[in-house]
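In what follows, a single structure is set out as structure tokens and then discussed.
All residue numbers refer to positions in the sequence shown, counting from 1.
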Amino acid sequence: MTLSTIIPIGYSVLYTLTILSIFPQDDDDGSSFTSLEGVTNLFKKPSNVFAGWIHYLAFDAFVGRWIVLDSVEHGVSMLFHFSVVVPCLFFTLMFGPMGLIMYLIARKMLNIAK
């Protein structure tokens with residue numbers, strides 16, 4: 001197991017433990033996943049915000065790892081890594097799906113996918 005695998009797994013374990021500790025709540029404050037208002041109510045609690053943050057970090061790290069491994073697998077140049085992959089990793093960390101879409105578009109435009 002490599003460090004690039006351990007980090008997303010570590011975040012995933014932390015997320016799972018956090019969810020297991022906060023979800024047996026009996027609060028009737030309108031919190032739910034069925035509406036925007038319900039989700040807003042969920043994120044009024046610091047423990048739920050922490051869980052959401054860890055959720056983002058786990059998946060951002062996993063997607064970032066995939067981006068790097070995919071570009072290496074396709075043998076792209078160091079110029080491509082520095083000019084395309086690194087910015088895509090930044091956007092993946094900061095904005096999640098936006099970074100992935102940027103990478104997939106660049107990958108298609110430069111025809112590096114087999």
Side-chain angles (χ1 to χ4, degrees):
M1 195 175 303
T2 64
L3 182 62
S4 66
T5 305
I6 292 171
I7 291 172
I9 290 171
Y11 283 137
S12 297
V13 169
L14 180 59
Y15 174 75
T16 301
L17 294 173
T18 302
I19 290 298
L20 291 175
S21 73
I22 65 175
F23 265 109
Q25 298 174 357
D26 294 329
D27 299 339
D28 190 20
D29 60 359
S31 298
S32 73
F33 289 108
T34 59
S35 70
L36 181 57
E37 182 180 355
V39 172
T40 301
N41 287 334
L42 276 170
F43 284 108
K44 288 181 180 175
K45 298 176 188 154
S47 59
N48 294 353
V49 172
F50 178 74
W53 181 47
I54 297 301
H55 178 278
Y56 299 134
L57 289 175
F59 273 80
D60 291 352
F62 183 79
V63 170
R65 180 179 186 274
W66 178 84
I67 289 171
V68 169
L69 292 177
D70 182 71
S71 64
V72 168
E73 179 182 323
H74 289 93
V76 300
S77 68
M78 288 300 266
L79 178 63
F80 183 85
H81 275 279
F82 286 113
S83 61
V84 176
V85 175
V86 170
C88 289
L89 291 174
F90 171 78
F91 279 93
T92 299
L93 177 63
M94 299 305 293
F95 306 108
M98 184 187 299
L100 176 61
I101 291 295
M102 287 172 60
Y103 175 73
L104 292 174
I105 290 170
R107 183 178 182 247
K108 186 69 170 177
M109 288 175 60
L110 297 172
N111 201 23
I112 66 166
K114 291 180 180 178

### Message
Side-chain heavy atoms nearer than 4.5 Å, only ILVMFWY residues, links allowed to pass through others: does that put Phe50 and Ile22 together?
### Response
yes
Smallest heavy-atom separation, His81 atom then Ser71 atom, equals CE1-OG, 2.9 Å
Single-linkage hydrophobic cluster, 4.5 Å side-chain cutoff, Tyr15 and Leu57 together = yes
In this structure, CE of Met102 is separated from CZ of Phe91 (nearest 0.5 Å) by 4.5 Å
* If Ile, Leu, Val, Met, Phe, Trp and Tyr residues are connected whenever their side-chain heavy atoms lie under 4.5 Å apart, and connections chain through other members, are Leu17 and Tyr56 in the same group? -> no
Give the C-alpha distance, both sets of side-chain angles, the deciding distance and a yes or no for side chain to side chain contact (heavy atoms under 4.5 Å, CB included) between Ile67 and Arg107.
CA-CA 10 Å; Ile67 289 171; Arg107 183 178 182 247; over 6 Å; no
Shortest non-hydrogen pair, Asp60 vs Gly96, comes out as OD1-CA, 3.7 Å
Quiz item: Backbone N or O of Phe43 within a donor-acceptor pair of the Asn48 side chain at under 3.5 Å?
Solution: no
Of all heavy-atom pairs linking Ala58 and Pro8, the shortest is O-CB, 4.0 Å
Closest non-hydrogen atoms of Gly64 and Leu89, given as atom of the first, atom of the second and distance, are O-CD2, 3.5 Å
Closest non-hydrogen atoms of Ala106 and Val84, given as atom of the first, atom of the second and distance, are CB-CG1, 3.5 Å
Cluster overlap Met94 with Phe62, hydrophobic side-chain contacts below 4.5 Å = no
CG of Asn41 to OG of Ser35, rounded to nearest 0.5 Å, is 7.5 Å
CD1 (Ile7) and OG (Ser12) are apart, to the nearest 0.5 Å, by 11.5 Å
Separation between OH (Tyr11) and CZ (Phe59), nearest 0.5 Å, reads 14.5 Å
One should read off an interatomic distance between His55 NE2 and Thr16 OG1, to the nearest 0.5 angstrom, of 10.0 Å
Would you say Val76 and Leu69 are hydrophobically clustered, going by side-chain heavy atoms of ILVMFWY under 4.5 Å?
no
Interatomic distance, CD1@Ile54 vs CG@Leu14, rounded to 0.5 Å, equals 4.5 Å
query = Any side-chain donor paired with an acceptor under 3.5 Å for Asp70 and Tyr103?
reply = yes
Note: Thr18 and Ala51 closest approach over all heavy atoms is CG2-CB, 3.7 Å
